[in-house]
Amino acid sequence: QVQLVESGGGLVQPGGSLRLSCAASGTIFTIYTMAWYRQAPGKQRELVGDISGTGRTNYVDSVQGRFTISRDNAKRTMYLQMSSLKPEDTAVYYCNADILTIKQGRFNGWGQGTQVTVSS
């Protein structure tokens, strides 16, 4: 079965940078769109941005120009480079992926999340 694992979160000062990773594993045939979401305490999960299989990206307005999503298909990994971080970026960050598996059909699920805290 497919698993998604996020990593790279931590504590950072306002204005700092972090790079998150989301690695997919399992009997994967093709990974289509991948996406980053985040959920702050007391708030609903929101889409941060996504990246298509061909590398086309979309971002929510609040992170446009500060965050960059990329992917390495050979490593089956998606990245989120975060710069100029603000306290309001504090959240648990989750990855989501649309995946065609070898034998078990279509997968669309979530990783366990990684905590990002922006604070002075």
Side-chain angles (χ1 to χ4, degrees):
Q1 54 268 22
V2 174
Q3 289 187 321
L4 300 172
V5 179
E6 301 95 336
S7 62
L11 175 64
V12 64
Q13 299 277 3
S17 299
L18 279 176
R19 189 193 194 203
L20 307 184
S21 299
C22 173
S25 62
T27 54
I28 296 170
F29 182 73
T30 302
I31 304 178
Y32 299 108
T33 298
M34 306 181 77
W36 286 101
Y37 288 75
R38 65 186 181 185
Q39 187 166 21
K43 297 183 178 180
Q44 294 195 356
R45 190 171 301 183
E46 68 168 347
L47 176 68
V48 176
D50 58 40
I51 183 166
S52 73
T54 60
R56 186 178 68 87
T57 56
N58 298 285
Y59 303 94
V60 70
D61 288 345
S62 59
V63 308
Q64 183 73 46
R66 299 188 299 118
F67 290 11
T68 301
I69 297 172
S70 61
R71 63 190 288 168
D72 185 331
N73 289 333
K75 296 180 179 179
R76 294 176 172 174
T77 301
M78 174 180 64
Y79 305 95
L80 179 64
Q81 179 66 52
M82 304 183 293
S83 300
S84 302
L85 283 162
K86 305 174 181 179
E88 50 263 47
D89 295 318
T90 296
V92 178
Y93 284 71
Y94 298 90
C95 64
N96 174 270
D98 181 17
I99 296 172
L100 179 63
T101 68
I102 298 296
K103 291 185 176 181
Q104 299 178 19
R106 201 71 166 254
F107 170 92
N108 192 311
W110 304 88
Q112 84 292 339
T114 186
Q115 176 72 49
V116 173
T117 302
V118 184
S119 177
S120 59

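Model, not experiment: these values are computed from the prediction.
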Item checked: Heavy-atom donor-acceptor pair, N96 side chain to G109 backbone, under 3.5 Å -> yes

Next item on the list: Spell out, as yes or no, whether a donor-acceptor pair under 3.5 Å connects the side chain of R76 to the backbone of I28.
Entry: yes

Item checked: Pairs involving residues 36-90, ordered by first then second residue, that meet disulfide (SG to SG under 2.5 Å) (sequence neighbours left out) -> none

Notebook entry, point to check: Can any side-chain N or O of Y59 pair as donor or acceptor with the backbone N or O of I69 at less than 3.5 Å?
Noted result: yes

Margin query: Hydrogens and angles aside, do N73 and R71 bring a side-chain donor and acceptor to less than 3.5 Å of each other?
Written below: yes

Notebook entry, point to check: Tell me, which pairs form a salt bridge (charged side-chain N to carboxylate O under 4.0 Å, His left out) where one or both residues lie in residues 18-38, sequence neighbours left out?
Noted result: R38-E46, R38-D89

Note to self: A side-chain contact here means heavy atoms from C-beta on lying under 4.5 Å apart; do I99 and R106 qualify?
What the structure shows: no

Margin query: Strictly distance-based, threshold 3.5 Å: is any side-chain N or O of T90 a donor or acceptor partner for the main-chain N or O of T117?
Written below: no

Next item on the list: Using the six-membered ring wherever Trp is involved, compare the ring planes of Y93 and F67 and label them parallel, tilted or perpendicular (cut-offs 30° and 60°).
Entry: tilted

Next item on the list: Flag the pair L20 / M82 as yes when at least one side-chain heavy-atom distance between them is below 4.5 Å, and no otherwise.
Entry: yes

Note to self: Applying the side-chain hydrogen bond (donor to acceptor under 3.5 Å, both in side chains) criterion to D50, which one of T33, T57, N58 satisfies it?
What the structure shows: N58

Check: Is a side-chain N or O of E6 found less than 3.5 angstrom from the main chain of C95, in a donor-acceptor match?
Finding: yes

Checklist line | Pairwise side-chain contact, L11 with S119, heavy-atom cut-off 4.5 Å (strictly under) | finding: yes

